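These notes concern the structure reproduced below.
Side chains are part of it too, since the values below use all heavy atoms of this structure and drop only hydrogens, waters and symmetry mates. None of the values given here were measured: they were computed from a predicted structure. Below, chain A is the first sequence line, B the second, and so on; all start at residue 1.
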Amino acid sequence: MARSEEAEAFFHVVYTAVQQIPYGKVTTYGHIAKLIGTPERPRQVGICLKHLPQDTESRFNHDNVPWQRVINAKGMISPRSQPSGARNQAAALRTEGVTVTTSALGELMVDFSECGWFPNVLPSEAEEDDD
DNA sequence: TTGATGACTTGAT
DNA sequence: CATCAAGCCATCA
């Protein structure tokens, strides 16, 4: 019994939440996790994107899910295992007009002050729905 | 089947 | 302010 229905539903909500990110904006795994109701599982969000299919025939794939707009809480693109993927992600963000800065260590950093997408989950000042 | 790994986050030292 | 440790759960070996 591999892939329980619950896991599949989790994947679904994660991909859907990622699709809610507007063009030229970025958010964090933890934020996505909180939006889908599982703030304790930011890691699974990353797993979902890792297993995001590339087939354009799949319901969710690299073409319709802006996985590139999802980065870590430090505002930097996770190097995952090879810098090639992160570099590609940075390039995609730049194409959307997102300012991506490269640190001395080669870490790709994104400025949340300019492209940070954080809906009404702020600790204060946001008590009304934006819907 | 178990064990280890990973596109993370938060809190404590 | 920097570093360590624990918690999560799906996937790979």
Side-chain angles (χ1 to χ4, degrees):
Chain A
M1 227 62 122
R3 302 181 197 167
S4 58
E5 298 174 11
E6 200 170 49
E8 209 170 311
F10 188 86
F11 274 57
H12 183 115
V13 292
V14 169
Y15 295 147
T16 304
V18 173
Q19 289 180 325
Q20 307 313 305
I21 306 175
Y23 183 93
K25 297 284 182 179
V26 296
T27 190
T28 70
Y29 297 97
H31 198 93
I32 294 294
K34 180 157 283 202
L35 287 178
I36 66 181
T38 54
E40 306 288 300
R41 295 167 254 262
R43 201 145 209 190
Q44 266 34 39
V45 176
I47 292 175
C48 293
L49 298 178
K50 184 172 71 172
H51 288 263
L52 181 61
Q54 296 183 348
D55 289 328
T56 53
E57 300 193 359
S58 299
R59 180 160 47 178
F60 297 105
N61 54 75
H62 273 234
D63 205 53
N64 59 25
V65 178
W67 61 275
Q68 53 207 46
R69 298 177 192 153
V70 184
I71 58 181
N72 59 17
K74 301 175 204 116
M76 308 159 52
I77 299 173
S78 298
R80 43 185 247 214
S81 291
Q82 49 193 338
S84 307
R87 204 153 42 78
N88 179 24
Q89 182 170 359
L93 289 173
R94 282 173 182 153
T95 304
E96 299 193 354
V98 177
T99 304
V100 182
T101 309
T102 307
S103 74
L105 299 175
E107 303 300 289
L108 300 162
M109 308 193 301
V110 178
D111 191 344
F112 285 132
S113 306
E114 289 191 20
C115 348
W117 181 71
F118 298 95
N120 56 14
V121 261
L122 296 173
S124 53
E125 295 196 46
E127 295 189 3
E128 54 183 288
D129 259 330
D130 191 46
D131 197 337

Quiz item: Do Q44(A) and F11(A) touch side chain to side chain, with heavy atoms closer than 4.5 Å?
Solution: no
Exercise. For dT5(B) and dA5(C), measure between their P atoms and round to the nearest Å.
Key: 16 Å
Quiz prompt | Shortest side-chain distance from A7(A), nucleotide among dT9(B), dC8(C), dA10(C) | solution = dA10(C)
Self-check item: Aromatic ring pairing F60(A)/Y15(A), orientation class (parallel under 30°, perpendicular over 60°, tilted between)
Solution: tilted
Exercise. Give one of base, sugar-phosphate or nothing for R43(A), where a contact means two heavy atoms less than 4.0 Å apart.
Key: base
Quiz item: From dT9(B), dC8(C), dG6(B), pick the nucleotide closest to the side chain of R41(A)?
Solution: dC8(C)
Exercise. Check the distance between dG6(B)'s P and W67(A)'s CH2 and give it to me in whole angstrom.
Key: 18 Å
Quiz item: Between dT9(B), dA7(B), dC9(C), which nucleotide gets closest to the side-chain atoms of T28(A)?
Solution: dT9(B)
Quiz prompt | M76(A) CE to dC8(B) C1', straight-line distance once rounded to whole Å | solution = 13 Å
Self-check item: Selection from dA7(B), dT9(B), dT11(C) that lies nearest to any side-chain heavy atom of N72(A)
Solution: dT9(B)
Quiz item: If you check every side-chain atom of A73(A), which of dT11(C), dT10(B), dG6(B) has the closest atom?
Solution: dT10(B)
Exercise. Between dA6(C) and dA4(B), how far apart are the P atoms? Round to whole Å, please.
Key: 15 Å
Self-check item: Salt-bridge criterion met for K74(A) and E107(A) (N-O under 4.0 Å)
Solution: no
Quiz item: Considering only side-chain heavy atoms of Q44(A), which listed nucleotide, dC8(C), dC12(C), dT9(B), is closest?
Solution: dC8(C)
